[in-house]
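Input: a single structure, listed below in structure tokens.
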Amino acid sequence: EMYKDFGSVIVGSSVTSEITVINNNDCPMDYELFVKQTSDDPLADKTVCGICVLEIEKPIGHVEARSRATVRCRLRPTRLISYQFTIEYRIIYPNEEEPAGSDRTNPDTPRNVRETFCYMTANGVYPKLKVNDIKCLGSASTLSQDYFWRLLSIDQ
């Protein structure tokens, strides 16, 4: 699946999902997965300080020829915002060595070439409780409905 939606997830809780890496080639393949996080809150990127709320269980893996591997992702939202994630991958080639004088931080080196694997979205939410009506029973039946509404009011 190119797009995956976690839906609404309660802030402070966690939810897991799985993505599948498929190898249709005749050779085994090693890979590495990366997560890029964005949100709908322009201040979130500055206040979160680079903390990604989507964790990939095994970002480096191996898939045999003509088979598939399942990778588990865990989402732990920290704020009441909409999150967007881009999952990228890089194929690790056999006997891959870092050339002398190469720069690991340079995104143009072959070692750092990444392609988009899939997109994920989620909404951090808080649980809400809505009371439409109240009815008094038992020994409280003599008390008025207005009195109970005042007891339940969180505005006071």
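For the numbers below, each heavy atom of this structure counts, side chains included, while hydrogens, waters and symmetry mates do not. If you're wondering where the values come from, they're calculated on a predicted model, not measured in any experiment.
Residues M2, Y3 make up the rest of the hydrophobic cluster containing Y119, defined by ILVMFWY side-chain heavy atoms closer than 4.5 Å, directly or through other members. Other residues sharing a hydrophobic cluster with I22 under the 4.5 Å side-chain heavy-atom criterion for ILVMFWY residues do not exist; the residue is a singleton.
Under a hydrophobic-cluster definition in which Ile, Leu, Val, Met, Phe, Trp and Tyr are linked whenever side-chain heavy atoms come within less than 4.5 Å, directly or via other members, F34 and I92 are assigned to different clusters. Put simply, I10 and V53 are part of two different groups of oily side chains (I, L, V, M, F, W, Y) that touch within less than 4.5 Å, one to the next. Hydrophobic clustering (side-chain heavy atoms under 4.5 Å, transitive across Ile, Leu, Val, Met, Phe, Trp, Tyr) keeps L80 apart from F6. I19 and M29 fall within a single hydrophobic cluster, where Ile, Leu, Val, Met, Phe, Trp and Tyr side chains are chained together by heavy-atom contacts under 4.5 Å.
Nearest heavy-atom pair across Y83 and T78 is OH-N, 3.2 Å. Between S14 and R74, the shortest heavy-atom contact is OG-NH1, 3.2 Å. I81 approaches S39 most closely through the heavy-atom pair CD1-CB, 3.6 Å. Scanning both residues, L54 and Q37, for their nearest heavy atoms gives N-OE1, 4.3 Å. Heavy atoms only, all atoms of each residue included: L33 and I56 are closest at CB-CD1, 3.9 Å. Contact detail for N123 and S82: the closest heavy-atom pair is OD1-OG, 2.6 Å.
The ring pair (Phe, Tyr, Trp, His ring centres under 6.0 Å) search around Y147 returns none, not counting sequence neighbours. In terms of the salt bridge (Lys or Arg N to Asp or Glu O under 4.0 Å) criterion, R68 has no residue partners (sequence neighbours excluded).
Residue pairs meeting the salt bridge (charged side-chain N to carboxylate O under 4.0 Å, His left out) criterion with at least one member in residues 10-21, sequence neighbours excluded, are E18-R72. For residues 51-62, the set of pairs meeting the salt bridge (charged side-chain N to carboxylate O under 4.0 Å, His left out) definition, not counting sequence neighbours, comprises E55-R76.
Taking the side chain as every heavy atom from C-beta outward, L75 and S17 never approach each other to under 4.5 Å. Within the 4.5 Å cutoff, the side chain of V113 has no heavy atoms near those of the R90 side chain. The shortest side-chain heavy-atom distance between K4 and I87 does not fall under the 4.5 Å cut-off.
Of the inter-residue distances, the one linking M120 atom CE with D5 atom CG reads 10.0 Å to the nearest 0.5 angstrom.
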F117 vs V35, side chain to side chain contact (heavy atoms under 4.5 Å, CB included): CA-CA, chis, key distance, verdict: CA-CA 10 Å; F117 184 75; V35 178; over 6 Å; no
